Structure formats: C-alpha cells, structure tokens
Amino acid sequence: MLGNIVSAEGVSPLTIKVTNINDPKTSVLVLVYDEKDDLTQYPSVHLNAYSPQKLAQGVTIAALPLGNYAVLVFQDNDGDYNLTIGNNGMPIERFGYSNNPPLHTPVSMEQAKFAHKGPQTQTINF
C-alpha cells in the first residue's frame with residue numbers, strides 16, 4: 001500500500017507552515033481560498049486560528065479537494081479576524097501568502113495561487 005497518495009475521492013492533504021513568527025503568544029489565522037474567491041474577502045475553503053507553535057510545526061488540512069488555491073496567513077494582533085490595514089494602506093499585522101510573493105503592492109490571486117495535485121506543504125514566510 002502506498003502512503004500519502006491522492007485518494008479515490010480526489011482529495012489530498014495540504015500542510016501549511018509559517019516561518020519567522022516573532023510573537024509566540026498571538027494566534028495566527030490561516031485562510032485557504034479557492035481560485036475563484038476574492039482575496040480581500042473571507043475564503044470559501046478554510047479559516048481557522050492556530051497557535052504560532054503549531055504553525056511553525058505545520059497544520060494539515062487532511063482532505064482538501066484537488067484544485068487551485070491560495071493561502072493567506074496573518075497574526076491577528078487585535079483579535080478581529082481581519083487583516084488590519086494602517087492609514088498608509090498597508091497591513092499593520094504580520095502576514096504572508098502562498099508562493100511568498102513580494103508584499104509591496106496588493107497580492108493577486110495569480111501571484112499566490114498554487115496547484116494542489118497531491119500531498120504537499122506550503123511554507124509561508126512572515
């Protein structure tokens with residue numbers, strides 16, 4: 001029997017890890033978006049808060065359908081489940097996206113999107 005292969009139902013695990021977390025006490029939100037979702041809204045696939053320690057080790061969504069997705073992670077300092085934007089239009093909470101695109105302009109779905117074709121790990125850098 002082969003381990004960690006795509007199941008007959010067309011689902012496979014996705015593990016998400018976050019590096020460079022400076023605040024060990026504040027929860028980190030993980031948002032997984034379908035490629036048709038708007039990155040400025042709540043995702044249709046997954047939204048959950050995790051401890052920084054858990055995310056440093058990796059959290060796994062066990063049965064994610066095969067497809068194209070993007071991941072946003074951010075440290076929710078004010079506990080409002082939203083990425084807080086400062087007066088200059090830039091986020092004031094630490095954040096990152098799948099594919100680790102440059103963060104000097106708003107990130108598009110094309111920049112953050114990845115193909116989920118089988119078991120994989122997305123490592124996102126704050």
Side-chain angles (χ1 to χ4, degrees):
M1 181 170 145
L2 297 173
N4 281 337
I5 60 170
V6 176
S7 74
E9 294 83 31
V11 298
S12 188
L14 170 65
T15 300
I16 300 164
K17 292 183 178 183
V18 179
T19 63
N20 302 320
I21 301 173
N22 294 336
D23 179 353
K25 296 180 182 175
T26 303
S27 294
V28 178
L29 268 71
V30 173
L31 296 82
V32 180
Y33 293 86
D34 181 85
E35 69 179 326
K36 296 178 182 115
D37 290 344
D38 180 343
L39 291 178
T40 65
Q41 304 295 317
Y42 285 118
S44 65
V45 178
H46 180 85
L47 172 95
N48 205 354
Y50 299 94
S51 73
Q53 296 80 9
K54 182 114 174 115
L55 273 168
Q57 296 172 356
V59 297
T60 300
I61 301 169
L64 186 65
L66 304 182
N68 295 315
Y69 298 95
V71 177
L72 164 63
V73 296
F74 67 93
Q75 197 143 31
D76 194 21
N77 295 327
D78 55 13
D80 69 352
Y81 279 73
N82 289 297
L83 181 60
T84 303
I85 306 297
N87 293 335
N88 64 357
M90 293 300 292
I92 58 174
E93 295 172 311
R94 292 179 59 90
F95 72 104
Y97 286 91
S98 44
N99 296 331
N100 296 300
L103 300 175
H104 54 271
T105 61
V107 173
S108 70
M109 178 59 76
E110 286 303 311
Q111 291 174 293
K113 181 172 67 174
F114 62 93
H116 182 61
K117 298 178 182 177
Q120 67 176 289
T121 298
Q122 285 286 322
T123 302
I124 300 171
N125 303 312
F126 270 178

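FYI, side chains are in, hydrogens and waters are out, and symmetry mates aren't considered; it's all heavy atoms of this structure. Values in this document were obtained by computation on a predicted structure and should not be read as measured data.
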Item to check | Verdict with supporting geometry, V45 and L64, side chain to side chain contact (heavy atoms under 4.5 Å, CB included) | outcome: CA-CA 9 Å; V45 178; L64 186 65; 3.5 Å; yes

So, for [X] and [Y], which heavy atoms are closest and what is the spacing to 0.1 Å?
{"X": "F74", "Y": "F95", "value": "CB-CB, 3.7 Å"}
{"X": "M109", "Y": "A70", "value": "SD-CB, 3.6 Å"}
{"X": "S12", "Y": "G118", "value": "OG-C, 3.0 Å"}
{"X": "P101", "Y": "Q111", "value": "CB-CB, 4.0 Å"}

Quick one: are [X] and [Y] in side-chain contact, heavy atoms under 4.5 Å?
{"X": "L29", "Y": "Y81", "value": "yes"}
{"X": "F126", "Y": "V28", "value": "yes"}
{"X": "V32", "Y": "V71", "value": "yes"}

Under 4.5 Å between side-chain heavy atoms, counting indirect links through other Ile/Leu/Val/Met/Phe/Trp/Tyr residues: same cluster for [X] and [Y] or not?
{"X": "L72", "Y": "L103", "answer": "yes"}
{"X": "L31", "Y": "F114", "answer": "no"}
{"X": "V107", "Y": "V73", "answer": "no"}
{"X": "Y33", "Y": "V18", "answer": "no"}
{"X": "I61", "Y": "L66", "answer": "no"}

Item to check | Steps toward side-chain hydrogen bond (donor to acceptor under 3.5 Å, both in side chains) verdict (Y42, N82) | outcome: CA-CA 9 Å; Y42 285 118; N82 289 297; 3.2 Å; yes

How many angstroms lie between [atom1] in [X] and [atom2] in [Y], if you round to the nearest 0.5 Å?
{"X": "M90", "Y": "I92", "atom1": "CE", "atom2": "CD1", "value": "12.0 Å"}
{"X": "L14", "Y": "T60", "atom1": "CG", "atom2": "OG1", "value": "7.5 Å"}
{"X": "D34", "Y": "N68", "atom1": "CG", "atom2": "CG", "value": "8.0 Å"}
{"X": "I16", "Y": "H46", "atom1": "CD1", "atom2": "NE2", "value": "6.0 Å"}
{"X": "I21", "Y": "N125", "atom1": "CD1", "atom2": "CG", "value": "10.5 Å"}

Checklist entry - Would K17 and T19 satisfy side chain to side chain contact (heavy atoms under 4.5 Å, CB included), going step by step from the backbone distance to the final call? => result CA-CA 7 Å; K17 292 183 178 183; T19 63; 5.7 Å; no

Item to check | Worked verdict on D37 versus S44 for side-chain hydrogen bond (donor to acceptor under 3.5 Å, both in side chains) | outcome: CA-CA 7 Å; D37 290 344; S44 65; 2.8 Å; yes

Checklist outcome for this item: Residue pairs passing the side-chain hydrogen bond (donor to acceptor under 3.5 Å, both in side chains) test with at least one member in residues 87-107, sequence neighbours excluded, are T84-E93

Counting only N and O atoms by type, is there a donor-acceptor contact under 3.5 Å from the side chain of [X] to the main-chain atoms of [Y]?
{"X": "Q75", "Y": "D23", "value": "yes"}
{"X": "Q120", "Y": "A115", "value": "yes"}
{"X": "D76", "Y": "S27", "value": "no"}
{"X": "D80", "Y": "D78", "value": "no"}

Checklist entry - Excluding sequence neighbours, so at least two apart, what forms salt bridge (Lys or Arg N to Asp or Glu O under 4.0 Å) with K113? => result E35, E110

Checklist entry - Residues in side-chain contact (heavy atoms from CB on, under 4.5 Å) with A56, at least two apart? => result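 side-chain contact (heavy atoms from CB on, under 4.5 Å) list for A56, sorted by chain: empty.
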
